[in-house]
A.B. asks: 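The structure under discussion is supplied below as structure tokens; questions concerning it will follow.
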Amino acid sequence: MSVHDPENIVHTDLLIIGGGFGGLFAAIKAKQNGVREVAIVDKGSVAMTGQSRLAAGATIYLFPGDDLEEWAKCIFLGQQGLCNQDMVESFLEQSFARLRELEGMGIVFRKHPQSGEYIRLNSRGLVPVQMTIGPTYKKMMGGTALTAALREAARGAGVRFYHKIFISDLLVQDSRVHGAVGCHRRTGDFFVFEARAVVVAASDCSFRGNYCCVEATTGDGFAMAYRAGVDLTNMEQMVVNTAPLSYNFEGTGPTAQAGARFLNAQDEDFMPRYRPEGSAAEINYIVQAMAQEHKKGNGPPFFFDFRQLPEQMEEAFINNFGGWMPRNLIRLREKGIRVLREKVPWAPALQTLRGGIQTDIHCQSNVEGLFAAGTAQSMGPGLFNGWSSGRCFWSGATAGVSAARYLKQAGAARSDSELIMNLRNALFNRKINGDGGEKPLIEITRRLQRCMFACDTSIIKNQESLQKALQEAAAIKEEDLPQAKVQDIHDFIQLKETENMVATMELFLRSSLVRQESRADHMREDFPEPDEKWLKWIVLNKNLKDGYRFEELPWGKYRFQPRDLK
Amino acid sequence: MIESISPELCTGCGECDLVCPMDVIYLNRETRKAEIRYRQDCMTCFNCELECPVDAIYVDPIKNKKPQPW
């Protein structure tokens, strides 16, 4: 099959785009709830290539006896009120059931040898919220273990996997989803997935940031949803996490709690000047403080100083972490780099968007039959320890159950040949082999990154810098992308990903311009304080007159009120 | 960044091709050996090195340089 032969059609009841925690949980739950045909499609390999596999696997679980109200309040405060409280409570209420389900799939959680109780740690800035760490499965640990167990469970339930297919667009017609289209990332074959319901579970956007877990996240789910008229929210909320300059490291949270400290260029432990928790504060506060120190001339360089930690910390990391991190430490040690005993040059390094598809508590979007899960669905601001995995489990399971309920009464999918042809033409807007352009994609990506990673675009924003960045996004789109050098299918998929990154960049910048206050992960230099009148959601939709609308939070049904923030 | 795949050790099982998130590694169908095709896109995640059943892959832990915030 070639790009000129669009007959590769897959029929399924439920199509799930993205094979990470959210997508896999959705597939398993849909099968358990009676959906006959479930397919997961992934631009890499299902369960093998996304952020979930590379995650540490720390997850917030509310155990019987824990205080739901207290935990929910911590998250409400952590999100500075921009909190979907019924979703957060549902997530917490169901979290222990998720843990039990994972155990049913063969996951083993660490327990105290004497008491037999689960080993739990504080979630960095959310004390007393607690998480479990280091889940194992067979000989694997962490995200690798979780994705492997979920993959086996999904496969055992009869879920079909489609690897290395890049989904470009959703088939939305008459306000209902009918499937999706895309192409194979090795052959270029065009694919049509006709489905009665769809879960979008592929997204986040790091703009290929400076960290190993995130370079493949290019905003594909956000961009395809926006193009299809789906509501997106919280798109101004982006956390910039920190990392060493030269290599990768996972575990800043636990090491900060154990005594590691952020230092500025004068070797000052600057974090206590900004937050009582010091270096153990939430990530957004650390990055914002670094930016303030930078403005005062106190950096770069910045450092993360591990030298106060006990010597056995390195061995503890090698033995108790899963996935890539132990191998990374071993390889670094071979080069004479003893990370956990050094003062390491450190910087804001990777963006992670907290916005996404706006859904109700059932993970249903504004488009009939279209659900969202994982980081494609927005649960509000915050990158708390153990939060991302937990919310992906919740939204995945919820979307799977909701899709199954919907499919009991949903009619057949109708894929309209004209719509398919239009989307196919939009996808293949460039030839795959040698289309004349001379600008290397890496140069275009670097231009985008220089703009997006700049302190005044992504950390402390202001109106002027955001408008300038929007102009830069337009220039990249209009001048650079048409000139991109596309030599083969690898370049072609990178071009498509870059188009999605630019689209996501614009959504982030537009939403950031609208919110004229500072709240949670969104900091405006020209509006430095939170302002109660801005306690509302900004919802982006391409079909709205100005491209966005405001939505009031439903305080009447919420447990915590704006006064509780004071 | 990925440094090498030993052709002597590689058995052509294709696991590294399957688990590479960045489309860096291709299994050459003719030689039945895995090849580093797009090294510059490697994100140093160690997926390939960890999955290789015969330890044929070496990933250097030093990562690519990216633009900084200041």
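Residue numbers begin at 1 in each chain, while the letters A, B, ... track the order of the sequences.
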A.B. asks: Please determine, among A:G50, A:P348, A:G44, the option with the most heavy-atom pairs under 4.5 Å with chain B.
C.D. replies: A:P348

A.B. asks: Does the gap between the ring centers of B:W70 and A:F453 come in under 6.0 Å?
C.D. replies: no

A.B. asks: Examine whether an atom of A:H294 lies under 4.5 Å from a heavy atom of chain B, and if so say whether it belongs to the side chain, the backbone or both; otherwise answer neither.
C.D. replies: side chain

A.B. asks: Does a side-chain N-to-carboxylate-O contact under 4.0 Å join A:E314 and A:R333?
C.D. replies: yes

A.B. asks: With a 4.5 angstrom heavy-atom cut-off, could you sort out which part of A:F207 is near chain B: side chain, backbone, both or neither?
C.D. replies: neither

A.B. asks: Can you tell which part of A:I493 gets under 4.5 Å to a heavy atom of chain B, answering side chain, backbone, both or neither?
C.D. replies: neither

A.B. asks: Relative to chain B, which segment of A:L54 carries a heavy atom at a distance below 4.5 Å: side chain, backbone, both, or neither?
C.D. replies: side chain

A.B. asks: For chain B, which of A:M290, A:R327, A:R450, A:K164 has the most heavy-atom pairs under 4.5 Å?
C.D. replies: A:R327

A.B. asks: Select one option (side chain, backbone, both, neither) describing which atoms of A:Q494 are under 4.5 Å from chain B's heavy atoms.
C.D. replies: side chain

A.B. asks: Before giving the answer on side chain to side chain contact (heavy atoms under 4.5 Å, CB included), spell out for A:R208 and A:T218 the whole-Å C-alpha distance, their side-chain angles and the decisive distance to 0.1 Å.
C.D. replies: CA-CA 7 Å; A:R208 300 206 195 285; A:T218 50; 3.6 Å; yes

A.B. asks: Is it the backbone or the side chain of B:Q40 that comes under 4.5 Å from a heavy atom of chain A, or both, or neither?
C.D. replies: neither

A.B. asks: For the residue pair B:F46 and B:Y58, is the inter-centroid distance of their aromatic rings smaller than 6.0 Å?
C.D. replies: no

A.B. asks: Under a 4.0 Å N-O cut-off, is there an ion pair linking B:E51 with A:R53?
C.D. replies: yes

A.B. asks: Using the salt bridge (charged side-chain N to carboxylate O under 4.0 Å, His left out) criterion, which residues pair with A:E443? Sequence neighbours excluded.
C.D. replies: none

A.B. asks: Where does A:L245 contact chain B at under 4.5 Å (heavy atoms): side chain, backbone, both or neither?
C.D. replies: both

A.B. asks: Pick one of side chain, backbone, both or neither for A:A349, based on which atoms fall under 4.5 Å of a heavy atom in chain B.
C.D. replies: neither

A.B. asks: Is the shortest side-chain N to carboxylate O distance from A:K335 to B:D60 below 4.0 Å?
C.D. replies: yes

A.B. asks: Name the region of A:M325, side chain, backbone, both or neither, that has any atom closer than 4.5 Å to a heavy atom of chain B.
C.D. replies: neither

